[in-house]
There are 2 protein chains.
Amino acid sequence: MKAATSPLRGTGRRAGLDHDAIVERALTLVEAEGSTALTMRRLAAELGVATTTIYWHVGGRDELITALIQRLSERHAEIEIEGAGPSERVMCVARHVWDSALAHRNVTALAHQVGATSLLEMPLEIALARELDTAGLRGEVARDALRAILMCVAGFLVVAFRSDDPGPARHQARTLWADITADGIDRSTVTALREPPDLPALFETAVRALVDRFVVDVEPRDAPVA
Amino acid sequence: MKAATSPLRGTGRRAGLDHDAIVERALTLVEAEGSTALTMRRLAAELGVATTTIYWHVGGRDELITALIQRLSERHAEIEIEGAGPSERVMCVARHVWDSALAHRNVTALAHQVGATSLLEMPLEIALARELDTAGLRGEVARDALRAILMCVAGFLVVAFRSDDPGPARHQARTLWADITADGIDRSTVTALREPPDLPALFETAVRALVDRFVVDVEPRDAPVA
DNA sequence: ACCTGAACACCGTTCAAGT
DNA sequence: ACCTGAACACCGTTCAAGT
């Protein structure tokens, strides 16, 4: 509950804070309690420092958020991509985007809010471009494939984030379907729509459809030529 | 600039407000100036009434937003769906979701923020379920197709909304690619990534890929059997 | 039933002032 | 150079009080 007693340097007056320490603390705070917990006052209290100190070191809230996202982004820099064929390797990167977004959902949601998704996923975006390149896609086609795949993943993430934060629940998709009297819709469909889909499985299917549309494997996926 | 002189009823003291008038005004405000303009104080001033009056009529901000979204949703109720084959008609509904979201981007963005996207698009969701039904999809398959398509559209919308609100522009995807020295990525690709994609065209391609994955036309799309 | 003003507990941000 | 307290201009929400 008490703010961590920050290590006061020899002077006895300096708080011993620097840009990185503040950003690090902000990142931890968001990861633990979500973006709403990140207020300048709260963060300052947690660092045992006056609110205005944060402004001196990192600037306003927007700069803080940008720095925080970039910090996490660097951690996503090195990833292992495996897969036999090109399309399989593209799928692997897409899954990385999905997995890392879910692993750091609070920061990802924050990045979505401020429109800095690309900043957060830049290393993965580069990795995706590289795999598309080895798949033979270049120029505008490669860009379109990359953007389409990432936008689709983003759409899935928005829904995935909503699932764990139930919210008002009143205007959740599945509860809305509880009141529908179906004209021209089979009852089995209405019933199914009251349950959430298997998101990871559907993700796999949907992204695969996009990948198949853009990257045409020379060899069949399951039996790459040795 | 001045608040609209609200029609004071005969009593001379009543503001003559009701639930619907407040919600209507809130909707207009959001459509015109975005979700950040919707504050309880601002709305009250615009209605020429005390802030607390809004609380009495419609409840807090969340209820107001929900009501506002639902109001707009009702306007999307009746739409014309055309197209020869089943998959063409499904595409038509998807385009409707896209178009109406862009036409009312501020409210749609707000709905995204509070997790009420489904509430806003419910009429279109029903229309989509109906077209999928006539395409022969039932039960869980129909649900998965519907969800996948809508999630993909949502992902595109998030990016589309970012485009017209440039924001900090520093961590926009295309500016980030300006600094990239490409290892294993063709220069033409890097160059292309510095430009935004043709969003409507890419939307068409991506959603079509999903539709083709889920709904298999019995007849070819272009030449339906008479 | 309908509407008000005052008050509470928050925000982000600025700025003159301290050491 | 680094840090502070006070202040400004906002929020959403509650609640006793008016007619």
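Quick note on labels: first sequence line is chain A, next is B, and so on, each numbered from 1.
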D/dA1 - base-pair partner by Watson-Crick or wobble geometry, distances under 3.5 Å
C/dT19
With a 3.5 angstrom cut-off on both distances, give the Watson-Crick or G-U wobble partner of D/dT14, or none if there isn't one.
C/dA6
Measuring from the side chain of [X] (C-beta onward, heavy atoms only), which nucleotide among [options] has the closest atom?
X: A/Thr53; options: D/dT4, C/dC3, D/dC2; result: D/dT4
X: A/Arg61; options: D/dG12, C/dT13, C/dC11; result: C/dT13
X: A/Trp56; options: C/dT14, C/dC11, D/dC2; result: D/dC2
X: A/Met40; options: C/dA7, D/dC3, C/dT13; result: C/dT13
X: A/Val49; options: C/dG12, D/dT4, C/dC3; result: D/dT4

Hey, could you give me the CZ/CG distance between B/Phe203 and B/Leu157, rounded to the nearest 0.5 Å?
7.5 Å
Could you tell me whether A/Glu63 atom CD has more than 12 heavy atoms of other residues or ligands within 6.0 Å of it?
yes
Once you apply a heavy-atom cut-off of 4.0 Å, does A/Ile54 come out as touching a base, just sugar-phosphate, or nothing?
nothing
Is B/Leu43 touching bases, backbone alone, or none of the nucleic acid, heavy atoms closer than 4.0 Å?
nothing
Rounded to whole Å, please give me the gap between [atom1] in [X] and [atom2] in [N].
X: A/His19; N: D/dA1; atom1: NE2; atom2: C1'; answer: 17 Å
X: B/Ile65; N: D/dG12; atom1: CD1; atom2: P; answer: 9 Å
X: A/Tyr55; N: C/dT14; atom1: OH; atom2: P; answer: 7 Å
X: A/Leu47; N: D/dC2; atom1: CG; atom2: P; answer: 16 Å
X: A/Leu38; N: C/dC10; atom1: CG; atom2: P; answer: 17 Å

Quick check on C/dA1: is either OP1 or OP2 less than 4.0 Å from any side-chain nitrogen or oxygen of B/His57?
no
Mark yes or no for a side-chain to base donor-acceptor pair under 3.5 Å between A/Thr52 and D/dG5, with no hydrogen or angle criteria applied.
yes
On the side chain of A/Thr51, is there an atom forming a donor-acceptor pair with the base of C/dG12 - under 3.5 Å, no angle test?
no
Verify side-chain hydrogen bond (donor to acceptor under 3.5 Å, both in side chains) between A/His104 and A/Glu31, making sure each step is shown before the conclusion.
CA-CA 7 Å; A/His104 305 276; A/Glu31 296 241 52; 3.0 Å; yes
Tightest non-hydrogen contact, residues B/Leu27 and B/Val107, listed as CD1-CG2, 3.7 Å
Closest heavy-atom pair and its distance - B/Ile54, B/Ala44:
CD1-N, 3.6 Å
Nearest-angstrom distance, C1' atom, C/dC10 to D/dC8:
15 Å
Pick the closest DNA chain D nucleotide for A/Arg41 and for A/Asp18 by heavy atoms, then say which residue is nearer the 5' end.
A/Asp18
